[in-house]
Amino acid sequence: MTLLRSLVFTLWLYLSMPLFAVGLSPALLMPHRYAMGVIKAWARTVLFGLRWIAGVKVEVKGLEHRPSGAALVASKHQGMLDVVALLAILPDACFVLKKELMPLPFFGWFAWKTKMIAVDRAGHAKALKDMARQARDRLAEGRQIVIFPEGTRTAPGAPGDYKPGVAAIYRDLEGPCWPVATNSGVGWPAHGVMRHPGVVTFEFLEPIPAGLKRGPMMALLESRIETASSALLEPKAALAHSDPA
């Protein structure tokens, strides 16, 4: 039954993409809020299907720490659900993503229209400077910059390999950083079609204050995210009170 529900949800997911991207493509010719509205509506549609078809419920903890205006958000990354959920949870998320994704039909068009931050990972120092410049522009618009410090997806419980890009943005922007922990890979693994019924959690943690040096900042960020994400994998975490996304 779990396999069948997972397959039906996968169909739901991949049908929803052209439905929104093509059916609502006129939003690409409208102001930012309309295109962002399409993306957020798509994310909520995916979460609806995930819960009622695949039996995976997304909950949010630490809402008192969720930023509502301009912010740098650094999240644990275990799979596609991290992108979908944060699009739905945050008011106006702007993701740091691979430049290779921008030419993709529909996805790339909406990413371009909503000014997602495209990074050439082979560009090294130049790429970091360009990323910081784009981040400054997006923050000036009051948006939440979302970066996955590990740079790639990691399995639940696996140690992360944190990259310095987040520290470069943090230093350049001279503001706090909001960490996010999750156990999303338990319900929606990075690979395969299986979706495992249950509760997955996204937890906004206490912000890291501005002004820390790179080393201490990275150590604190990794410690907070990894500790909280590991705690969410414990059986008792699923019983904790939280708020629905």
Side-chain angles (χ1 to χ4, degrees), residues 32 36 60-79 82-83 85-87 89-102 111-112 114-154 158-182 184 202-231:
H32 165 82
M36 198 66 204
V60 186
K61 296 174 64 177
L63 287 176
E64 67 275 16
H65 298 308
R66 177 180 59 176
S68 59
L72 172 62
V73 177
S75 175
K76 181 71 177 173
H77 192 26
Q78 295 183 352
D82 307 331
V83 177
L86 290 174
L87 279 170
I89 296 167
L90 291 169
D92 195 2
C94 175
F95 284 82
V96 177
L97 47 80
K98 295 183 296 185
K99 187 177 182 179
E100 293 83 355
L101 297 175
M102 297 302 284
W112 169 81
T114 54
K115 300 179 182 178
M116 300 298 175
I117 299 175
V119 176
D120 180 5
R121 295 196 294 184
H124 304 298
K126 182 179 182 298
L128 286 177
K129 290 181 181 179
D130 186 54
M131 179 173 62
R133 178 188 58 78
Q134 292 184 67
R136 285 195 301 271
D137 293 343
R138 300 294 82 77
L139 282 182
E141 298 167 357
R143 301 181 66 183
Q144 302 81 49
I145 309 300
V146 181
I147 185 169
F148 298 117
E150 296 157 289
T152 189
R153 300 167 293 185
T154 56
D161 180 16
Y162 285 64
K163 305 295 192 297
V166 62
I169 297 179
Y170 166 83
R171 179 196 62 227
D172 192 73
L173 299 180
E174 300 179 341
C177 178
W178 280 259
V180 178
T182 188
S184 63
F202 288 84
E203 182 176 5
F204 288 86
L205 308 174
E206 182 181 354
I208 293 173
L212 297 182
K213 297 293 185 181
R214 172 176 162 177
M217 183 271 178
M218 290 295 295
L220 184 57
L221 178 68
E222 181 172 353
S223 175
R224 285 190 181 177
I225 291 178
E226 292 299 314
T227 299
S229 295
S230 295

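The chain is numbered in sequence order, starting from 1.
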> Below 4.5 Å, heavy atoms only, C-beta onward: do Leu90 and Arg66 meet side chain to side chain?
Replying inline: yes
>> With a 4.5 Å cut-off on side-chain heavy atoms, are Leu212 and Met218 touching?
In response: no
> Taking all atoms of both residues into account, what is the closest heavy-atom pair of Ile225 and Ala181, and its distance?
Replying inline: O-CB, 3.9 Å
>> Measuring only between side-chain heavy atoms, which start at C-beta, is Asp130 closer than 4.5 Å to Arg133?
In response: yes
>> As an exercise, state the distance from CD1 of Ile145 to SG of Cys177, rounded to the nearest 0.5 Å.
In response: 11.5 Å
>> With a 3.5 Å distance limit and no angle check, can you tell me whether Gln144 reaches the backbone of Gly69 through a side-chain donor-acceptor pair?
In response: yes
>> Could you go through Leu97 and Met102, starting from their C-alpha distance and side-chain angles, then the distance that decides it, and tell me whether this counts as side chain to side chain contact (heavy atoms under 4.5 Å, CB included)?
In response: CA-CA 9 Å; Leu97 47 80; Met102 297 302 284; 3.6 Å; yes
> Does Pro164 reach the side chain of Arg214, with side-chain heavy atoms less than 4.5 Å apart?
Replying inline: yes
> Distance-only, no hydrogens or angles: does the Tyr170 side chain make a donor-acceptor pair with backbone N or O of Leu72 under 3.5 Å?
Replying inline: no
> Of all heavy-atom pairs between Glu226 and Pro159, which one has the smallest distance, and what is that distance?
Replying inline: OE1-CA, 4.4 Å
> Under a 4.5 Å cut-off applied to non-hydrogen side-chain atoms, are Arg136 and Ile169 in contact?
Replying inline: no
> Are any non-hydrogen side-chain atoms of Arg224 and Glu206 less than 4.5 angstrom apart?
Replying inline: yes
> Pick from Lys115, Glu141, Arg143: which one makes a side-chain contact (heavy atoms from CB on, under 4.5 Å) with His32?
Replying inline: Arg143
> Would you call Val96 and Gln134 a side-chain contact if the rule is heavy atoms closer than 4.5 Å?
Replying inline: no
>> Angle between ring planes, His77 versus Phe148, binned at 30° and 60°: parallel, tilted or perpendicular?
In response: parallel
>> Please identify which of these residues, Lys163, Lys76, Gln78, meets the side-chain hydrogen bond (donor to acceptor under 3.5 Å, both in side chains) condition with Glu150.
In response: Lys76
> If you look at every heavy atom in Leu221 and Ala74, which pair is closest and at what distance?
Replying inline: CD1-CB, 3.9 Å
>> Ignoring hydrogens, what is the shortest heavy-atom contact between Pro67 and Pro91? Give both atom names and the distance.
In response: O-CD, 3.8 Å
>> Please find the pair of heavy atoms, one from Leu205 and one from Trp178, that lie closest to each other, and give the distance.
In response: O-CD1, 4.5 Å
> Okay, side chain of Ser223, backbone of Ala219: is any donor-acceptor separation there less than 3.5 Å?
Replying inline: no
>> To the closest 0.5 Å, what do you measure between OG1 (Thr182) and NZ (Lys61)?
In response: 11.5 Å
> Any side-chain heavy-atom pair from Met131 and Ile117 closer than 4.5 angstrom?
Replying inline: yes
> Atom SG in Cys94, atom CD1 in Ile147: separation rounded to 0.5 Å?
Replying inline: 11.0 Å
